[in-house]
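For reference, the structure is listed below as structure tokens.
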Amino acid sequence: MAGRYNFTESEAKWQKRWDDDGVFRAAVDKSRPKYYVLEMFPYPSGRIHMGHVRNYTLGDVVARHRRALGYNVLHPMGWDAFGLPAENAARDQKIHPAKWTYDNIANMRGELKRMGLSLDWSREIATCHPGYYAQQQSLFLDFFAAGLVHRKEAFVNWDPVDHTVLANEQVIDGKGWRSGAPVEKKKLSQWFFKITDYADELLDALSTLDRWPEKVRLMQDNWIGKSSGAYVHWPVVGRSDKIQVFTTRPDTLFGASFVALSPDHPLTTELAAKNPELAAFVAKCQSMGTSAVAIEQQEKLGFDTGLKVQHPLVPGKQVPVWVANFVLMDYGTGAIFGCPGHDQRDHDFASKYGLPILPVVKAPDGAADVSKEPYVGPGTIFNSDFLDGLDVETAKVKVGERLKALGAGEPTTVWRLRDWLVSRQRYWGCPIPVVHCDSCGVVPVPKDQLPVKLPDDVSFDKPGNPLDHHPTWKHVGCPKCGKPARRETDTFDTFVDSSWYFARFCSPRSDKPVDNDAVDYWMGVDQYVGGVEHAILHLLYSRFFTRAMKQTGHVKLSEPFAGLFTQGMVCHESYKSADGKWLYPEEIERKSDDLVIEIATGKPVTVGRREVMSKSKKNVVAPVRIIGEYGADTARLFMLSDSPPERDLEWSEAGVDGAFRFIQRLWREIVEPETPFAPKGAAKPATLSPEAEAVWRQVHKTIAAVSENLEGFRFNVAVAQVRTLTNALSELDAKAPGADWVRRHGFEALVKLVGPMIPHLGEELWAALGHNTLLTLEPWPKADPALLIDDTITLAVQVNGKLRGTIDAKRDAGEDDVREAALAIPTVQAAMAGKPVRKLIVVKNKIVNIVV
RNA sequence: GCCCGCUUGAUGGAAUUGGUAGACAUACAAGACUUAAAAUCUUGAGCCCUUCCGGGCGUGCCGGUUCGAGUCCGGCAGCGGGCACCA
């Protein structure tokens with residue numbers, strides 16, 4: 001009766017051993033090459049989910065592989081611990097946010113530890129710990145002194161019920177996601193980081209990030225949104241001021257038929273003060289939804305102000321000034337000129353309000369009718385004075401020069417990227433360390449008074465910011481003049497916390513934000529692994545923060561993440577009961593291919609499509625349950641098998657079973673082999689049987705292939721190769737001369753190859769093979785190059801490109817021998833049907849193609 | 001609307017980057033072991049035609065380049081993602 005691998009016992013044993021021996025502790029060692037592996041740290045929601053299991057398994061494979069390759073590996077873990085859910089828990093369950101958070105951390109730490117990750121837990125950090133956020137405040141003060149921070153009025157999403165600003169993502173169809181109240185656009189004084197100072201550099205440096213996914217670089221490129229064009233000044237008739245517009249099509253300036261202002265433009269505001277109709281129009285625009293759907297369906301609306309502006313290049317030509325709902329105040333200058341002939345939106349607007357439509361660009365085929373549809377392609381300029389006959393691109397340059405010479409405008413670049421609004425009216429975040437003094441204005445808190453700690457005694461009974469309601473906390477003396485002053489009660493956006501944690505991990509207990517020696521050795525992160533959902537915000541903010549830290553002398557490099565890997569998500573079918581409630585996978589039973597029932601009621605269940613696991617649809621599987629039933633190695637192996645890591649992975653019980661079977665089988669093959677292996681360290685026999693020799697070659701080919709595939713993040717292929725080798729070693733006839741030796745050393749290599757993937761079983765098998773060292777500390781196996789090249793090669797023989805047979809030939813065999821052998825194959829002759837050879841192609845060691 | 005990616009058996013996927021398509025798994029079927037089940041082992045299978053031998057077709061669709069295309073080029077369709085009254 002075959003035994004069974006006791007994963008529960010084994011996994012606990014090896015985890016304890018690794019811990020006792022401190023094998024994952026990292027220390028600066030300048031004599032060795034370093035490798036910094038980091039996965040995006042989790043929000044402590046209370047439990048790990050399958051997304052975490054996948055993320056941390058991927059990172060752990062990299063970390064363990066690199067360690068075996070001789071690198072000094074830093075692989076830390078921490079907690080993105082500030083944020084709104086803790087406050088909601090406090091309000092709903094009457095638990096203090098700190099207790100809720102630290103309890104969650106304790107639970108999740110335990111769950112993560114059961115996965116057997118090779119983490120240096122001595123470096124654990126939580127962003128809500130004063131030891132962390134004190135240093136964040138210190139960084140803020142440095143940024144403040146360097147002019148990278150400013151406070152300005154901005155329109156923000158304000159939830160009038162919850163009394164807080166909301167991020168754009170928290171506004172759904174113009175309503176607050178929690179309260180459901182219509183969100184107001186409110187002008188508030190807010191703190192910003194000047195990320196736009198670095199817009200150019202953040203864009204340019206994208207091209208240096210050659211180990212980042214192309215997709216992510218592209219998304220950041222779009223997000224930064226560099227756009228070249230020109231400012232054009234339009235003098236207002238009868239007034240002394242000018243309206244400045246931005247355009248990317250200065251070449252179509254002669255086709256202008258109106259100028260349109262944003263409802264929020266200062267001139268609009270001024271005019272509306274004296275014009276109630278305009279004021280009503282502006283109010284209407286502002287009350288309209290800002291969601292994508294609302295905008296899509298919204299009609300273009302305009303209001304003629306009655307003002308005219310003088311065309312900058314055509315004396316005597318005047319165009320009307322309108323206010324239009326589609327002109328955004330926070331892009332460009334908040335004013336545009338409309339050229340209906342060559343812009344869809346302007347065309348819609350002009351058609352609606354009866355404004356002239358002038359063609360100024362001829363298509364290459366000479367077509368110039370724009371009365372029905374605007375023409376937006378390339379072409380030749382006409383109706384445009386000195387630009388006539390030029391192509392669009394040349395005309396843009398020419399008109400820019402002319403505008404500049406006349407003082408009527410200038411070429412410019414505008415960006416979609418806005419400054420980063422970092423203040424939040426919330427309690428559970430890092431306090432912004434400034435004081436507001438009636439005499440001195442905004443005064444930074446001196447560094448020796450940091451941290452500005454959050455008060456513990458807060459109440460969540462009232463809506464709004466508990467810091468603001470606190471009876472005493474905000475009342476302090478001004479650090480400058482000593483007079484009574486008020487603390488800033490806003491806290492930082494939690495994206496600030498995660499914008500530098502990777503640097504903090506280098507010296508997590510330092511009394512400075514970073515310790516130079518440590519950060520210069522460890523940074524940047526050689527391999528960062530995480531979800532693609534952070535492709536823009538977190539990664540862009542971190543890139544900005546690293547530059548700001550460089551400018552303020554904390555780090556020497558600009559880019560935090562040299563290598564980035566974005567993993568796919570974990571998906572599962574969803575289930576809905578007969579009465580329309582979502583059901584967990586364990587609440588259903590599959591009776592047959594098309595019958596699924598709810599266990600509790602026996603009623604049929606509607607099976608939904610595979611989609612990302614989410615609590616709201618209950619299509620989740622708890623990692624702890626899987627680890628308990630099958631073990632961490634099974635969970636890890638399943639995460640690595642089958643699906644390429646960058647693609648979505650479909651969770652299936654069958655897949656888990658498959659991984660579990662392989663674990664058990666590998667254990668049996670090595671711990672209870674049917675025939676014994678050669679003794680440990682036995683010398684290679686003088687001769688191996690041909691089969692044994694072939695398997696031994698396969699061992700080396702697998703070492704080479706797995707090494708390459710681990711490096712290239714093709715973990716699913718690496719797993720398949722490991723399985724193939726397992727099959728070969730197991731099928732090798734034990735009686736063949738040398739088989740016992742090949743089996744011992746083949747399995748030893750195999751165990752090393754699977755070590756990063758299924759480390760507990762790896763250790764168990766390494767010990768079973770008679771070793772008393774830790775597999776974790778063993779060097780990576782090396783493939784013998786001589787064994788990677790076969791002496792005989794099977795060549796495919798094609799006739800007219802179709803496979804008709806194969807021949808075995810010596811490696812690098814001469815063309816004549818190969819030709820002869822190929823032509824001698826009966827099936828090949830049959831396919832040739834007696835026709836003469838017209839052409840014969842021999843690709844060395846690959847293929848023969850006979851053309852008849 | 002703009003930009004990107006993907007499309008291979010029943011399913012997940014593999015294919016040395018132009019050279020034997022379907023590795024490795026999962027599911028399925030048949031068999032062995034078992035009182036039975038589980039576990040394990042063996043065998044089968046891209047589709048179609050054929051009693052055997054064998055043949056034809058086949059990587060979303062149409063076309064091209066090539067001795068040879070899943071792979072390169074052009075067009076189309078479907079699915080997914082990002083951005084979006086961005087001037």
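The basis for the numbers below is simple: all heavy atoms, side chains too, and nothing from hydrogens, waters or symmetry mates.
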Checking base pairs now: Watson-Crick or wobble, both atom distances under 3.5 Å. What partners [N]?
N: B:rU40; value: B:rA32
N: B:rC53; value: none
N: B:rG74; value: B:rC62
N: B:rC83; value: B:rG1
N: B:rA23; value: none

Between [N] and [M], how far is it from one [atom1] atom to the other, in whole Å?
N: B:rA21; M: B:rU8; atom1: C1'; value: 8 Å
N: B:rG80; M: B:rG60; atom1: C1'; value: 15 Å
N: B:rC79; M: B:rC73; atom1: C1'; value: 24 Å

Can you tell me which nucleotide in B:rC41, B:rC85, B:rG82 comes closest to the side chain of A:Ile536? B:rG82
From B:rA87, B:rA39, B:rA14, pick the nucleotide closest to the side chain of A:Leu328?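 Comparing B:rA87, B:rA39, B:rA14 against the side chain of A:Leu328, the answer is B:rA87.
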Any base atoms under 4.0 Å from [X], or only sugar-phosphate, or nothing? Heavy atoms, all strands.
X: A:Thr794; result: base
X: A:Ser641; result: nothing
X: A:Val414; result: nothing
X: A:Glu650; result: nothing
X: A:Val851; result: sugar-phosphate

From CA spacing to verdict: side chain to side chain contact (heavy atoms under 4.5 Å, CB included), A:Leu202, A:Ile195: CA-CA 9 Å; A:Leu202 288 168; A:Ile195 190 169; 3.8 Å; yes
Syn or anti for B:rG9, with syn set at within 90° of 0? syn
Short side-chain N/O contact from [X] to OP1 or OP2 of [N], under 4.0 Å:
X: A:Lys802; N: B:rC57; value: yes
X: A:Asn727; N: B:rA25; value: yes
X: A:Asn800; N: B:rC67; value: no
X: A:Lys839; N: B:rC67; value: yes
X: A:Arg714; N: B:rA14; value: no
X: A:Arg661; N: B:rA27; value: yes
X: A:Arg647; N: B:rG13; value: yes

For the residue pair A:Trp234 and A:Phe337, does the interplanar ring angle fall in the parallel (under 30°), tilted (30 to 60°) or perpendicular (over 60°) class?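 Because their plane-to-plane angle lies in the 30° to 60° range, the rings of A:Trp234 and A:Phe337 count as tilted.
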Out of the candidates A:Trp651, A:Phe662, A:Phe660, A:Tyr630, only one should pair with A:Phe638 under the ring-ring contact (aromatic ring centres under 6.0 Å, His included) rule; please name it.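 So the option named by the test is A:Trp651.
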Take atom [atom1] of [X] and atom [atom2] of [N], then tell me their distance rounded to the nearest Å.
X: A:Glu646; N: B:rG12; atom1: CD; atom2: C1'; answer: 14 Å
X: A:Leu803; N: B:rG54; atom1: CG; atom2: P; answer: 14 Å
X: A:Ile847; N: B:rU66; atom1: CD1; atom2: P; answer: 18 Å

Expected output: side-chain A:Lys226 to main-chain A:Leu203 donor-acceptor under 3.5 Å: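 It does not hold such a pair.
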Does A:Asn849 get its side chain close enough to the base of B:rC67, under 3.5 Å, for a donor-acceptor pair?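 In this structure, the two groups form a donor-acceptor pair.
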Indicate, yes or no, whether a donor-acceptor pair under 3.5 Å links the base of B:rC85 to the side chain of A:Lys300.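 Flag set: donor-acceptor pair detected.
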Taking 4.0 angstrom as the limit, do A:Asp343 and A:Arg249 come out as a salt bridge? no
Please report the shortest heavy-atom distance between A:Val361 and A:Val392, naming the atom on each side.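 Minimum heavy-atom contact is CG1-CG2, 4.0 Å.
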